[in-house]
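This report concerns only the one structure given below.
The shown structure was predicted, so the numbers you read here are calculated from the model rather than taken from an experiment. In the text below, chain A, chain B and the rest are named by the order of the sequence lines, each starting its count at 1. As a basis for the values below, the full set of heavy atoms in this structure was taken, side chains included, without hydrogen atoms, waters or symmetry mates.
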Amino acid sequence: MKRTKIKDLLNSTDFGGEVTVKGWVKTFRNNQFIAINDGSSINNIQAVVDFTSTDESLLKRVTTGAAISITGQLVESLGKGQRVEIKVKDLSIIGDSDAEKFPLQPKKHSLEFLREIAHLRFRTNTFNAVFKIRHALAFAVHKFFNDKGFLYLHTPIITASDAEGAGEMFRVSTIDPNNIPRNDDGSVNYKEDFFGKATNLTVSGQLEGELAAMAFSDIYTFGPTFRAENSNTTRHLAEFWMIEPEMAFYELQDNMDLAEELLKYLVKYAIDNCSDELEFLNSRLLEEEKQKPQNERSEFDLLAKLKFCLDNDFERITYTEAIEILKASKPNQKKQFKYLVEEWGTDLQSEHERFLVEKHFKKPVILTDYPAAIKSFYMRLNEDGKTVRAMDILFPGIGEIIGGSQREERLDHLEARMKNLHIPIEDMSWYLDTRRYGSVPHSGFGLGFERLVLFVTGMTNIRDVIPFPRTPKNADF
RNA sequence: UCCUAAGUAGCUCAGCUGGUUAGAGCAUCUGACUGUUAAUCAGAGGGUCCCUGGUUCGAGCCCAGGCUUGGGAGCCA
């Protein structure tokens, strides 16, 4: 008999008909009630088995985690707590699960423990919800850009350019570490390596994206990105996914407008398409909040927080304005900041960003026009000669979720800047060609996909929103 | 990388001032019960107290080094 997905059965009113479900046992209560889940819904379907007429040795194999197939009649539930259930006619075990060894129990587990069994955590409600939302958001990214006529560009994972300055890179090499080819001066002879030169995993697809934007006008990338930084935080991964649109003829304002529209679109898409999952995560968070002392509880629940983000314009201020606000702020006056804000030109610490977003404006903030000295070489210099057209979007609880800029389209300015920073211009000739032949103002940004998923799901550790997290000292599974 | 807290049963944790045979709840197993919702009741099994070394008559507990994890910082998306 053809299998029906549990999601469809839970919505069905076709009582009396015979159905088959296949899935994994979540709980088996009272020797009668099997809660089965097949991943199609965060909710289980209950199958009621008549233990008096069922082989006892078969029932013993209905253990948490076992895969089973059930055929029976779909009926209105006789008990409370669920609308429909299946009256079992035929029960068979597809795959046994040794209850003494299966690590997931029908109880609450800590996220830290589940991280150690990341290969099995998909089977929990929480991760079912998180990864469904992750999927929905990924789909929504493509839908958003496709509907706007953007071209999805696949940029290389392996690159030879080391001019990004975006962070430490992972080396890609086939050189035998026990037998390294050397030049006469003792340095590694990369001519012997696979690509004939030193190569790395990409830290960003931006530079390649700019090349394509000079032909297609509007492009985006969405792929894995790698940083070999020794960062041990709740919002950094060594391998993460990034969305990087790049638009010709966009100035900084257009760039900000697109970024804000994208973020709101994605949040709305999740609200509209993942209501069960968000509802579950919301109640899960509410329960965790109850464990906290009153003064540490957040004022908004997850759903309210998401709606608030949709209903309010992001606050847009310049770096210079931010510095003025911070200088005059209470924590700065009372010397409560660990790093006091005194001079124009220093980078903002995360305590400052958090103050602006969570205390002062109480909503997402777009910071623009940073000092050139603390930003990348490719950002467009303003007329004042000291700030660049950069923008960072800061989210409550997450910090920087987007970083972007209008790009420096003037060849002479760009070359001067690169010389200053000792970036080898000869190696970057391919990039500078965009400025040599039909250069136009253009802009783009990078959205950290996992940080977006963090925000939408309300999870607090980035390792819990990517299936198999790669972090320092951790590359399991 | 720095600061900080932690590591005890499958999981979550307790373990007094260093003192006999290391405990609880849940899970698991056995039995009872049979419309349950983290079912209930009775019983049983289950330990490299993170690792290495040291102090001591005696270390889960004290000291040193290491490993791992949580939280914070830096770097950033």
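Spacing between G7(B) and G60(B) at atom C1', rounded to whole Å, works out to 12 Å. Rounded to the nearest Å, the gap between the P atom of C63(B) and that of C26(B) is 35 Å. Rounded to whole Å, the C1' atom of A24(B) lies 24 Å from the corresponding atom of U69(B). Spacing of C1' atoms, G54(B) relative to C61(B), comes out at 15 Å, to the nearest Å. Taking atom P on both A22(B) and C50(B), the two are 15 Å apart, rounded to the nearest angstrom. Nucleotides U4(B) and G74(B) place their C1' atoms 15 Å apart, quoted to the nearest Å. For the P atoms, the distance from C3(B) to G15(B) is 28 Å, rounded to whole Å. Rounded to whole Å, the C1' atom of U21(B) lies 41 Å from the corresponding atom of U37(B).
OP1 or OP2 of G71(B) sits under 4.0 Å from a side-chain N or O of N461(A). Look at T234(A) and you'll find a side-chain N or O under 4.0 angstrom from OP1 or OP2 of G72(B). Residue R451(A) has no polar side-chain atom (N or O) positioned under 4.0 Å from OP1 or OP2 of C76(B). The side chain of R29(A) places no N or O atom within less than 4.0 Å of a non-bridging phosphate oxygen (OP1 or OP2) of U36(B). Side-chain N/O atoms of S350(A) include none lying less than 4.0 angstrom from OP1 or OP2 on G72(B). Residue Q349(A) places none of its side-chain N or O atoms closer than 4.0 Å to OP1 or OP2 of A73(B). Phosphate proximity of U12(B) to S110(A): present, with a side-chain N or O under 4.0 Å from OP1 or OP2. In terms of phosphate contacts, N230(A) brings a side-chain nitrogen or oxygen within less than 4.0 Å of OP1 or OP2 of U1(B).
Remark: side-chain polar atoms of N146(A) are not paired, donor with acceptor, to backbone N or O of H142(A) under 3.5 angstrom. A donor-acceptor contact shorter than 3.5 Å is absent between the side chain of E400(A) and the backbone of F395(A). Judged by distance alone, with hydrogens and angles left aside, the side-chain atoms of N332(A) form a donor-acceptor pair with the main-chain N or O of V341(A) at under 3.5 Å. A donor-acceptor pair is defined here as one N or O able to donate and one able to accept, closer than 3.5 Å; no such pair exists between the side chain of R83(A) and the backbone of S77(A).
Checking C76(B), A39(B), A73(B) against every side-chain atom of D347(A), the shortest atom distance belongs to C76(B).
Contact annotation for R115(A): backbone-only contact, meaning every heavy-atom pair under 4.0 Å involves sugar-phosphate atoms and none involves a base. Here F51(A) lies in heavy-atom contact (under 4.0 Å) with a base. Within the 4.0 angstrom heavy-atom criterion, base atoms lie near L78(A). Base contact: H236(A) has a heavy atom under 4.0 Å from a base atom. If you check every strand for non-hydrogen atoms under 4.0 Å, Q32(A) touches a base. Using a 4.0 Å heavy-atom cutoff across all strands shown, E351(A) reaches no nucleic acid atom at all. Here I402(A) lies in heavy-atom contact (under 4.0 Å) with sugar-phosphate atoms only. Among the atoms of the strands shown, none is found under 4.0 Å from any heavy atom of K101(A). Counting any heavy atom pair closer than 4.0 Å across all strands shown, F240(A) reaches a base atom.
Interface remark: the N232(A) side chain does form a donor-acceptor pair with the U1(B) base, using a distance-only criterion of under 3.5 Å. Between the side chain of S231(A) and the base of C75(B) there is at least one donor-acceptor pair of N/O atoms closer than 3.5 Å. Counting distance only, with no hydrogens placed and no angle test, the side-chain atoms of Q105(A) and the base atoms of G10(B) include a donor-acceptor pair under 3.5 Å. Between the side chain of Q46(A) and the base of U36(B) there is at least one donor-acceptor pair of N/O atoms closer than 3.5 Å.
As the counterpart of U1(B), A73(B) is assigned, both hydrogen-bonding distances of the Watson-Crick or G-U wobble pattern falling under 3.5 Å. Remark: A24(B) base-pairs with U12(B); criterion is Watson-Crick or G-U wobble with both hydrogen-bond distances under 3.5 Å. Base pairing of G65(B) is made with C51(B), judged by Watson-Crick or G-U wobble geometry with both donor-acceptor distances under 3.5 Å. For G18(B), there is no paired nucleotide, since no Watson-Crick or G-U wobble pair has both relevant distances below 3.5 Å.
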### Task
Test E315(A) against H360(A) for side chain to side chain contact (heavy atoms under 4.5 Å, CB included), laying out the working first.
CA-CA 11 Å; E315(A) 190 70 35; H360(A) 190 80; over 6 Å; no
### Message
side-chain hydrogen bond (donor to acceptor under 3.5 Å, both in side chains) for E210(A) and Y378(A)? Distances and angles first, verdict last.
### Response
CA-CA 11 Å; E210(A) 285 185 56; Y378(A) 49 74; over 6 Å; no
### Task
Starting from the C-alpha separation in whole Å, work towards a yes-or-no answer on ring-ring contact (aromatic ring centres under 6.0 Å, His included) for Y339(A) and H352(A).
CA-CA 9 Å; Y339(A) 298 91; H352(A) 306 140; 7.1 Å; no
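With centroids closer than 5.5 Å and planes inclined by less than 30 degrees as the test, F449(A) and the base of A77(B) fail to qualify as a stacked pair.
Per the geometry, CZ belonging to F113(A) stands 12 Å off P belonging to A9(B), to the nearest Å. At whole-Å resolution of the value, NZ in K107(A) and P in A39(B) are 13 Å apart. Rounding to whole angstrom units, CD of residue E168(A) and C1' of C76(B) are separated by 13 Å. If you take CZ of R121(A) and P of G10(B), they are 22 Å apart, rounded to a whole angstrom.
Between atom CD of residue E85(A) and atom CZ of residue F15(A) there is a gap of 10.0 Å, rounded to the nearest 0.5 Å.
In this pair, F139(A) and Y269(A) present their aromatic rings tilted. The plane angle is within the 30 to 60° band.
A heavy-atom distance below 4.0 Å to RNA chain B is reached by these residues of residues 79-98 of chain A, ordered by number: G79(A), K80(A), Q82(A), E85(A).
Cation-pi geometry between K60(A) and F28(A) is not met: the NZ or CZ atom fails to fall both under 6.0 Å from the ring centre and inside 45° of the normal.
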